[in-house]
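Note sheet for the following structure.
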Amino acid sequence: MAKESIYDLIFDIARHIPKGRVTSYGAIAKCIGTGASARLVGWAMHLAGNYPDVPAHRVVNSKGLLTGKHHFGGDRMEKLLKKEGIKVKNDQVQQFETVFWDPATLGL
DNA sequence: GTGGTGACTACTT
DNA sequence: AAAGTAGCCACCA
């Protein structure tokens with residue numbers, strides 16, 4: 001049985017992000033219940049490095065900006081997003097509202 | 001047990 | 001409108 005820490009929840013949500021879609025830290029934060037601590041989500045993504053199943057590259061900030069791409073290893077995040085079919089320009093997701101995926105879609 | 005940090009968000013000036 | 005500050009929670013040393 002998993003401890004189901006808040007990170008596990010975040011990872012679980014991130015893992016359920018459909019291909020070609022992205023989500024924001026605040027959306028996940030709210031979904032897990034923290035709501036006010038979007039920072040934890042960002043931190044969780046840091047730990048996500050240990051979780052290859054967690055597409056942290058699909059998680060961006062509220063503006064659709066690839067804030068964490070620097071931690072991914074340069075343009076790796078942008079490249080991955082483009083590979084997924086997401087248009088990224090200047091570290092910003094194009095059609096962000098179109099590719100935006102809400103964790104509530106899971107059927108919360 | 002305490003202190004510092006972190007890939008954010010929202011409000012205020 | 002833009003810029004700055006404050007708030008928040010959990011992990012690591």
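Each chain gets a letter, A, B and so on, in the order its sequence line appears, and its residues count up from 1.
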Atom pairs and distances, donor-acceptor, side-chain atoms in residues 63-74 of chain A, under 3.5 Å, two or more places apart:
unit_1, atom_1, unit_2, atom_2, d
A/K69, NZ, A/D75, OD1, 3.3
A/K69, NZ, A/D91, OD1, 2.5
A/H71, ND1, A/H46, NE2, 3.4

* Asked: Could you state the CD1-C1' distance from A/I28 to B/dT9, rounded to the nearest angstrom?
  -> 14 Å

* Given C/dC11, B/dC8, B/dA7, which nucleotide is nearest the side-chain atoms of A/R39? -> B/dC8

* Looking across every strand, which nucleic acid part, if any, lies under 4.0 Å from A/A44 by heavy atom: base, sugar-phosphate, or nothing? -> nothing

* Asked: Separation of A/H57 atom NE2 from B/dA7 atom C1', in whole Å?
  -> 14 Å

* Asked: Between the main-chain N or O of A/I17 and the side-chain N or O of A/R58, is there a donor-acceptor pair closer than 3.5 Å?
  -> yes

* Spacing between A/Y7 atom OH and C/dC9 atom P, to the nearest angstrom -> 13 Å

* Structure fact -> For A/P103 and A/A27, the nearest pair of non-hydrogen atoms, with its separation, is CG-O, 3.6 Å

* **Any donor-acceptor N/O pair, A/N90 side chain to A/Q92 backbone, under 3.5 Å** => no

* Nearest to the side chain of A/A56 - C/dA10, B/dT9, B/dA7? -> B/dA7

* Structure fact -> Nearest heavy-atom approach of A/W101 to A/T105 is NE1-CB, 3.5 Å

* **For atom CG of A/D8 and atom P of C/dC11, their distance in whole Å** => 10 Å

* Asked: Out of C/dC11, B/dA7, B/dC8, which has the shortest distance to the side chain of A/A38?
  -> B/dC8

* Using whole Å, report how far OH of A/Y25 lies from P of B/dC8. => 6 Å

* Return the nearest nucleotide to the side chain of A/W43; candidates are C/dC11, B/dC8, B/dA7. => C/dC11

* Can you find a side chain N or O atom of A/T67 that sits less than 4.0 Å from OP1 or OP2 on B/dC8? -> yes

* **Interatomic distance where CG belongs to A/L47 and C1' belongs to C/dC9 [whole Å]** => 13 Å

* Measure the distance from CE on A/M45 to P on B/dT5 and round it to the nearest whole Å. => 22 Å

* To do: Report the residue from A/L47, A/D53, A/I6 that forms a side chain to side chain contact (heavy atoms under 4.5 Å, CB included) with A/F11.
  => A/L47

* Structure fact -> The nucleotide from B/dA7, C/dC11, B/dT9 with an atom nearest the side chain of A/N61 is B/dT9

* Asked: Do the side chain of A/Q95 and the main chain of A/V93 share a donor and acceptor less than 3.5 angstrom apart?
  -> no

* Asked: With Watson-Crick and G-U wobble geometry limited to distances under 3.5 Å, how should the secondary structure of DNA chain C be encoded in dot-bracket form, using | for bases paired to another strand and [ ] for crossing pairs?
  -> .||||||.|||||

* Asked: Which whole-number value in Å describes the distance from A/L40 CG to B/dT5 C1'?
  -> 12 Å

* Out of B/dT9, B/dA7, B/dG6, which nucleotide sits closest to the side chain of A/H46? -> B/dA7

